[in-house]
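Residue numbers begin at 1 in each chain, while the letters A, B, ... track the order of the sequences.
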Amino acid sequence: MTLTHEAPATTAATVESLTLAGAVNHALADALAADPSVVVFGEDVGVLGGVFRVTDGLAARFGEARVFDTPLAESGIVGAAVGMAMNGMRPVVELQFDAFAYPAFEQVVSHVAKMGNRTRGALRMSMVIRIPYGGGIGGVEHHCDSSEAYYAHTPGLTVIAPSTPQDAYSMLRAAIESPDPVVFLEHKKLYWAKGPVDSVRRVGLGRAVVAREGTDATLVAYGASVLTALEAAEVAAAEGRSLQVVDIRSLAPLDDATIEAAVRSTGRAVVIAEAPGSVSVAAELAARIGERCFEYLEAPVRRVTGFDVPFAPPKLERYYLPDVDRILDAVDSLNWDDR
Amino acid sequence: MTLTHEAPATTAATVESLTLAGAVNHALADALAADPSVVVFGEDVGVLGGVFRVTDGLAARFGEARVFDTPLAESGIVGAAVGMAMNGMRPVVELQFDAFAYPAFEQVVSHVAKMGNRTRGALRMSMVIRIPYGGGIGGVEHHCDSSEAYYAHTPGLTVIAPSTPQDAYSMLRAAIESPDPVVFLEHKKLYWAKGPVDSVRRVGLGRAVVAREGTDATLVAYGASVLTALEAAEVAAAEGRSLQVVDIRSLAPLDDATIEAAVRSTGRAVVIAEAPGSVSVAAELAARIGERCFEYLEAPVRRVTGFDVPFAPPKLERYYLPDVDRILDAVDSLNWDDR
Amino acid sequence: MAHEDSELLPGETPVRFLDQDGRALDETRYPMPPLSELQAAYRALVVARRINEQCSALVRQGRLAVYPSSHGQEACEVAAALPLAERDWLFPTYRDAVAVIGRGVPPAEAMVLLQGDWHSGYDPREHGVAPQATPLATQLLHAAGFAHAAKLRGEDTVVVAMCGDGATSEGDFHEALNLAAVFGLAVVFLVQNNGFAISVPLSRQTAAASLAHKAIGYGMPGVRVDGNDAAALLAVMHAAVDRARAGGGPTLVEAHTYRIQAHTNADDDTRYRDRAEVQEWVARDPLIRLRSYLRVCDALSAAAEDEITAEAEAVAAELRDALQAEHVPDPEDLFRHVYAERTPRLEEQWAMLADELARDAESEHAESEHAEHEEAR
Amino acid sequence: MAHEDSELLPGETPVRFLDQDGRALDETRYPMPPLSELQAAYRALVVARRINEQCSALVRQGRLAVYPSSHGQEACEVAAALPLAERDWLFPTYRDAVAVIGRGVPPAEAMVLLQGDWHSGYDPREHGVAPQATPLATQLLHAAGFAHAAKLRGEDTVVVAMCGDGATSEGDFHEALNLAAVFGLAVVFLVQNNGFAISVPLSRQTAAASLAHKAIGYGMPGVRVDGNDAAALLAVMHAAVDRARAGGGPTLVEAHTYRIQAHTNADDDTRYRDRAEVQEWVARDPLIRLRSYLRVCDALSAAAEDEITAEAEAVAAELRDALQAEHVPDPEDLFRHVYAERTPRLEEQWAMLADELARDAESEHAESEHAEHEEAR
Ligand SMILES: Cc1ncc(C[n+]2csc(CCOP(=O)(O)OP(=O)(O)O)c2C)c(N)n1
Ligand SMILES: Cc1ncc(C[n+]2csc(CCOP(=O)(O)OP(=O)(O)O)c2C)c(N)n1
Ligand SMILES: [Mg+2]
Ligand SMILES: [Mg+2]
């Protein structure tokens, strides 16, 4: 699969075809090279290069002082990153899988998110917490959670979930440069999908993008669900229905302007996400669209999300995950008789 | 302030006027007396009787084996409760304040919520996690979080937030008897508010209640916000507007039937909650009402919630918390011109 | 240094009964277990090794999604399970499938997780085995809570809780050992120190002289034992279990061992360790060591060996057969166990999925009719 | 027991230089600090005590919402701050306001949290003091990370991280000490063991002989010291700070002390401890002990005492004055620091609040005009 939102704009010299994992690797390398205060640490990120090889080669290139393994302690990793950020470093930490970020929850919610506010900006938490998340890879329990709601609900955090290698590269660079703490969610299913990456291109945090133009209804998604949405739009197009796809990319803050404009232009919306739907980012999107586009809506905003159950075991995940058919069913339910 | 949804139905003998803290205390005592597998533990719940005196007298009455203090370790408290539940006990643990539940997050999400599912029901987590939460009491940072979204998003948990002493009593009894794990949220501002408690009365989990009838718009709230909503309804009534108030009580599962019927009957809804609004229970309520009542809505569902900022310091909390005026402003915005 | 300190600190060398060639050493801290138990242990070791090999093969054949093998660590696995009574409980990790099987769980049920059918495949109550824990060190707290419940009811249940060297760095390790010590619970914490947490060497987990040195900080004894010497492990575990059963409280046992395979099949251990190091440990194989000893003691006849091999083969064959059959779990399972009773929301969601499945089945049916029709033409 | 073990374990008795009457004891493990430093410490102790008393009074007057007093623990507070250089950092808890002030933070700024104006009131960078931490043990990790950053840059910054006995049971305590030891970081962990975590006695936190016994499990030295003996504390802290500065890595210092007041003004300590016990500890007052010693040494003249008392009174008066003035924080502060740049959402929310405030102000204005009008009639 190839992943891009648009044709790269700059010269061929800076453009490479990379997997999303490769794009993250490049972003880390370029950030390490650009700024001596950037440090990368976590479990197995050193000599092994991470269990997904995202940090491959970085320890060798930048040395063990800047790219290193820690003791196996996630609260420790994040808590130490807080202290490092207090002392002028820009830590980029990896938590190995979604569910293994939970031990760090107190540090994330009580300190990472609040230290800047607490100190009136004197101690900003300029740090990135990278979390491989999501399912669709046949992973066993605790390896496939979509945990973004926990972070997106927490004031003070910026939460990013790119769906293309370009966004992964550009938004990770922006995340590392951000004065604020960023939870950077990398969808595991996308790790090996390739796309062009222009290392000169900058993508700011907090901005959604229209990944496909369309006029009949708007699919709002992020992470791997963007691909499913794009596929659904392709199928729908063949059936004569024009679906717009918005990749929100930034889960917190949400880019209300882009989302609002998109939904207003079609008058119908389906929100797609892998996480259980209740009290989720998808719920927030549905609520906001309802609040901000009420007069424009021809039909209720539908959600196509994971069920409100723990993530499925490998052999059942295809039933759990939002798929093209389920999206199209939701689209079909959007009061088309009115037209 | 006096708190009740309705006049108690049974004989005076079983009815007492109690504070919400007292109601919880009675529920614990009655559960300890009724079932030898109930144990109560946490930090300072023994001889001190809890920092809010909710467990006052229980250690003396039921002995140190059944009501006891643990080492100061929240993950430990919840993790040990998991093991106890595996071994046939019904632990009721107290985490001292909302923010001090975060260290236990991994145990809550990865085990409390999932153990029953993991073992196909062989090991059900029949346990209750009591958490004093919420603001409005002039507490310093980390003592006033409304953390319900984290739990309500997590499949497998039942999340209860009573607003009256009666519900606190009855729903805590039901929570302790439940085969499933219950996060029981006790709003600190309500602890000293009194209301009648009938210890015979049973209130099931998962059921909302109409706390006040009304015809023009529906206020949907829980916890301390129910009181604010009732006050707002009172003020509105004086101004000639009839507001219905739904106390959802059960944040997970939500009682869709009651909420839906209520909102359909008025065609307008405002959701009120103290937690930051983004990706919250309020968002879920707004999204669901939008999904389920679309054809009935005269106006977008409004949310009156905490801002998307860390909880305010004591001297600023009155600006942060939803209040009567803010609710009435939201009600005013509900497209009344249409009528 | 106080008198009691020396009782809680581990000895300067790990407890060891057998040298690499299976010769008995001069170990005086514990009594050598009886030959009959060593024979039983040997049988279990051979079966465990065979299961490890079989499962690795099943991964290669795509029958298991993943298998974290305890190849090389089987003595620890066996010694975790053997000393326990039926009423006791074991709290294993993802790596401890053969210990789980050692408690009587049918091998195929122990593989359900790794096969991808469900999150756990056996009835914990039936066998006294908690589900294998994936989030590191979390199960140690469950073990403590479980033992606490037993203590409150006056039962003499003993719990063995397992974890790896890496897991000792987690906060839950600390909280569990401390809880168990403060309440004097009947838990034996068995740390399999195999030198690595995936790629991270022990030196990144601790600066202490040993992991067993942590015990004194909780006020419990810490013991180091050769993790490839089944005799030593059994002696130490028996003592710890007996102590716990008698109300003496918890013990921390650190077993020095080595993982011969990569972390899982998904791992590439050539990135982080020398082949020479692996070979050194292959030479310390716990099976060979115990076999040599039993042979020297004339406690393992050729016939017995044949019989044990046959038993191991039978277990492997059973496992193979069980996993050959393609089992498709029921999608409704997703909704069955989240709560004791399904919520209305879950009913709705299942209804939606059921409807999808019905429509899929219909269109498949239509397609196949169409295909038949085409064929018939 | 290995040779190194005895170097990391705490001594059988806590380090102590002065007895209850301020007489010098025969303590040989550390050198007695110079008199000049003890004089400085005494001055700091008197100021600290005065601040504690003043703050408790301010609570009674409703000027502070809450005050967790370190009354009785002032020697620990002083010894945490004094040995640090300007470039060093202190990581204090909610109880350590006087240590914070000891680092040069203006007392009124240290009270902003408890006064309810904001979550922290001083500039951490200006004084080398992290915000006082409320979630227990979390700050120990920040301290380790801070020291790690310094080490990576080759700086010789030393960090003192404080916590209570209760906090040692938290997972973060474990993870922090372990990280610091594994990376050889320049952190001195100072545990004020005051015997209670709110109502819970030490026996519920640990079954170990001492909290300092935990150190060996991380491979760092653990030291026990009389927490009401400023001389002993300074000696131990200086040694630990010097060791850290020289690259020797972290140390765990356990100071035995006692909280004379209730946990906070909201607490009722008669529910969980005997008055007799409190009185025993009142008799071990760290101020009196050091004063007696200095007097015996002729190192504390009456004039000096008067001067110190006056200084303490001045600090108290300043604090009183600062807190008498009713300060009303700006509601817009709620939105100013959540992110470096306000998000559109926060702009919207502030606009809503600003509009409410404007309307409120208008109607207040109208009301007061109305009232004036009525009066004028
Ligand atoms: C809380 C948590 N963090 C991270 C992981 C990912 N992970 C799985 S195994 C492993 C290494 C564990 O090492 P060790 O405890 O030594 O056990 P071993 O695999 O060597 O048996 C890691 C990091 C996890 N399962 N749980
Ligand atoms: C993580 C966390 N859990 C619980 C609390 C609530 N709490 C505040 S102080 C305290 C007792 C702390 O005791 P100790 O560490 O001995 O310090 P001391 O108060 O005695 O100075 C508790 C339980 C908290 N602040 N943080
Ligand atoms: Mg290991
Ligand atoms: Mg204490």
Salt-bridged, D:D330 to B:K315, with N to O below 4.0 Å?
no
Closest non-hydrogen contact found for B:L48 with D:I198 is CD2-CG2, 3.8 Å
Checking B:F311 against chain D: side chain, backbone, both or neither under 4.5 Å from a heavy atom?
backbone
Which answer fits D:A167, side chain, backbone, both or neither, if we ask what part of it has an atom under 4.5 Å from a heavy atom of chain B?
backbone
Which bit of D:E170 is near chain B, if near means a heavy-atom gap under 4.5 Å: side chain, backbone, both or neither?
both
Could you tell me which portion of D:E348 (side chain, backbone, both or neither) has an atom closer than 4.5 angstrom to a non-hydrogen atom of chain B?
neither
Name the option with the most non-hydrogen atom pairs under 4.5 Å to chain D; the candidates are B:G277, B:P314, B:G46.
B:P314
Chi angles and distances behind the side chain to side chain contact (heavy atoms under 4.5 Å, CB included) call for B:H143, D:T134
CA-CA 9 Å; B:H143 291 77; D:T134 298; 3.5 Å; yes
Can you list the steps and then say if B:H142 with D:T138 is a side chain to side chain contact (heavy atoms under 4.5 Å, CB included)?
CA-CA 13 Å; B:H142 309 289; D:T138 56; over 6 Å; no
Whatever's closer than 4.5 Å to a heavy atom in chain D on B:V309 counts as both
Contact origin within B:R326 toward chain D - heavy atom pairs under 4.5 Å
both
Let me know if D:R345 has heavy atoms under 4.5 Å from chain B in its side chain, its backbone, both or neither.
side chain
Chain D contact via B:A312 - side chain, backbone, both or neither, heavy atoms under 4.5 Å:
both
Is it true that a side-chain atom of B:D69 and a backbone atom of D:V200 form a donor plus acceptor pair closer than 3.5 Å?
no
Sort D:Q132 into side chain, backbone, both or neither according to what part of it lies under 4.5 angstrom from a heavy atom of chain B.
neither
Regarding B:D44 and D:R271, does a basic nitrogen lie under 4.0 Å from an acidic carboxylate oxygen?
no
To the nearest 0.5 angstrom, please state how far the CZ atom of B:F307 sits from the CG atom of D:L334.
7.5 Å
Of D:R359, D:R204, D:Q115, the largest count of non-hydrogen pairs under 4.5 angstrom with chain B goes to D:R204
The interface call for B:E74 against chain D, heavy-atom contacts under 4.5 Å, is both
With a 4.5 angstrom heavy-atom cut-off, is it the side chain or the backbone of D:L346 that approaches chain B, or both, or neither?
side chain
What verdict does the side chain to side chain contact (heavy atoms under 4.5 Å, CB included) test give for D:W118 and B:L316, after you've listed the backbone C-alpha separation in whole Å, the side-chain angles of each residue and the deciding distance to 0.1 Å?
CA-CA 9 Å; D:W118 198 249; B:L316 291 175; 3.9 Å; yes
If you count heavy-atom pairs under 4.5 Å with chain B, which of D:L114, D:D117, D:D268, D:T168 comes out on top?
D:D117
So CG of B:L72 and OG of D:S169: to nearest 0.5 Å the spacing works out to 6.0 Å
From the list D:E356, D:H337, D:Q349, D:H327, the residue making the most non-hydrogen contacts under 4.5 Å with chain B is D:Q349
Need one label for B:T70: side chain, backbone, both or neither, based on atoms under 4.5 Å from any heavy atom in chain D.
backbone
Stepwise side chain to side chain contact (heavy atoms under 4.5 Å, CB included) check, D:L357 with B:Y319
CA-CA 9 Å; D:L357 296 174; B:Y319 301 107; 3.4 Å; yes
